[in-house]
Amino acid sequence: DVKVTQSSRYLVKRTGEKVFLECVQDMDHENMFWYRQDPGLGLRLIYFSYDVKMKEKGDIPEGYSVSREKKERFSLILESASTNQTSMYLCASSLVGGGAEQYFGPGTRLTVT
Amino acid sequence: GIQVEQSPPDLILQEGANSTLRCNFSDSVNNLQWFHQNPWGQLINLFYIPSGTKQNGRLSATTVATERYSLLYISSSQTTDSGVYFCAVIRDDKIIFGKGTRLHILP
């Protein structure tokens, strides 16, 4: 079974802090994704990566950056957390190849105060 | 971009009832997934179904790609089936979610 893990289930940070969210997958998937989920807005893609050291902006990249130094790990970074970044953050992975099934981690519920 | 519409947005049923959830999409896609989001927020993969019909226990799904829709059937509902069901289409490695159907099964 594919396993995608995220470093924290719940996180509380202060405005202006630098925040790291970690995601690890154990199935040697090439693709990894970061989404946020907000009531009424659904899931929105923040960033994705097709390979190590490679990243692409999604629909809402402002205020975020990412890092992929190893194939199994994809990190989301909030450079200076703001209250409008309070959200549920979901990581996913998939094989490469136009339509591969995506597998999601358990999510991190981030609150910025 | 591709639009994904799910219906109904909300559904309340008694335990034991059957239900059908629908997903319409606006353009051709590489694939389609159905998820169940549990109360803790995790998205559980239910079906990966570009076309045809698949069954897994009390759940089954049918996708008619030529007509751009998919259906998720839940039979003999249980309270543990409660939650939000998402349809998502995949095109060129990007996944686009519908807004979900919130299902509430009453004991």
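Throughout, protein chains are lettered first and strands after them, A, B, ... in sequence-line order, and every chain is numbered starting at 1. As a basis for the values below, the full set of heavy atoms in this structure was taken, side chains included, without hydrogen atoms, waters or symmetry mates.
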message = Need one label for A:Arg44: side chain, backbone, both or neither, based on atoms under 4.5 Å from any heavy atom in chain B.
response =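 Neither; nothing under 4.5 Å.
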
Atom [atom1] of [X]: over 12 foreign heavy atoms under 6.0 Å:
| X | atom1 | result |
| --- | --- | --- |
| B:Glu15 | CD | yes |
| B:Lys54 | NZ | yes |
| B:Arg102 | CZ | no |

Test of understanding: clusters of I, L, V, M, F, W, Y form through side-chain heavy atoms closer than 4.5 Å, transitively. Do [X] and [Y] belong to the same one?
| X | Y | value |
| --- | --- | --- |
| A:Ile60 | A:Leu110 | yes |
| A:Leu45 | A:Met88 | yes |
| A:Val66 | A:Phe33 | no |
| B:Tyr85 | B:Phe35 | no |
| B:Leu21 | B:Leu32 | yes |

query = Of the listed residues (A:Pro106, A:Gly58, A:Gly107), which shares the most heavy-atom pairs with chain B below a 4.5 Å separation?
reply =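 Answer, by heavy-atom pair count under 4.5 Å with chain B: A:Pro106.
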
query = What parts of residues 68-86 of chain A touch chain B if we use heavy atoms and a cut-off under 4.5 Å?
reply =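 Expected list: none.
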
query = Which value, rounded to the nearest 0.5 Å, describes the distance between A:Glu101 atom CD and B:Asn31 atom CG?
reply =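 Taking CD in A:Glu101 and CG in B:Asn31, the distance rounds to 8.0 Å.
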
Worked verdict on A:Gln37 versus B:Phe97 for side-chain contact (heavy atoms from CB on, under 4.5 Å) = CA-CA 11 Å; A:Gln37 184 179 22; B:Phe97 282 81; over 6 Å; no

message = Using only atom types and a distance under 3.5 Å, with no angle test, would you say the side chain of A:Arg109 pairs donor to acceptor with the backbone of B:Gly41?
response =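 No, the answer is negative, given that no donor and acceptor are paired below the 3.5 Å cut-off.
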
key: Set of ring-ring contact (aromatic ring centres under 6.0 Å, His included) partners for A:Tyr50, sequence neighbours left out   =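 Result, ring-ring contact (aromatic ring centres under 6.0 Å, His included) vs A:Tyr50: A:Phe48.
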
message = Would B:Ile95 and A:Tyr35 count as a side-chain contact (heavy atoms from CB on, under 4.5 Å) here? Give the steps.
response = CA-CA 10 Å; B:Ile95 192 168; A:Tyr35 300 86; 2.5 Å; yes

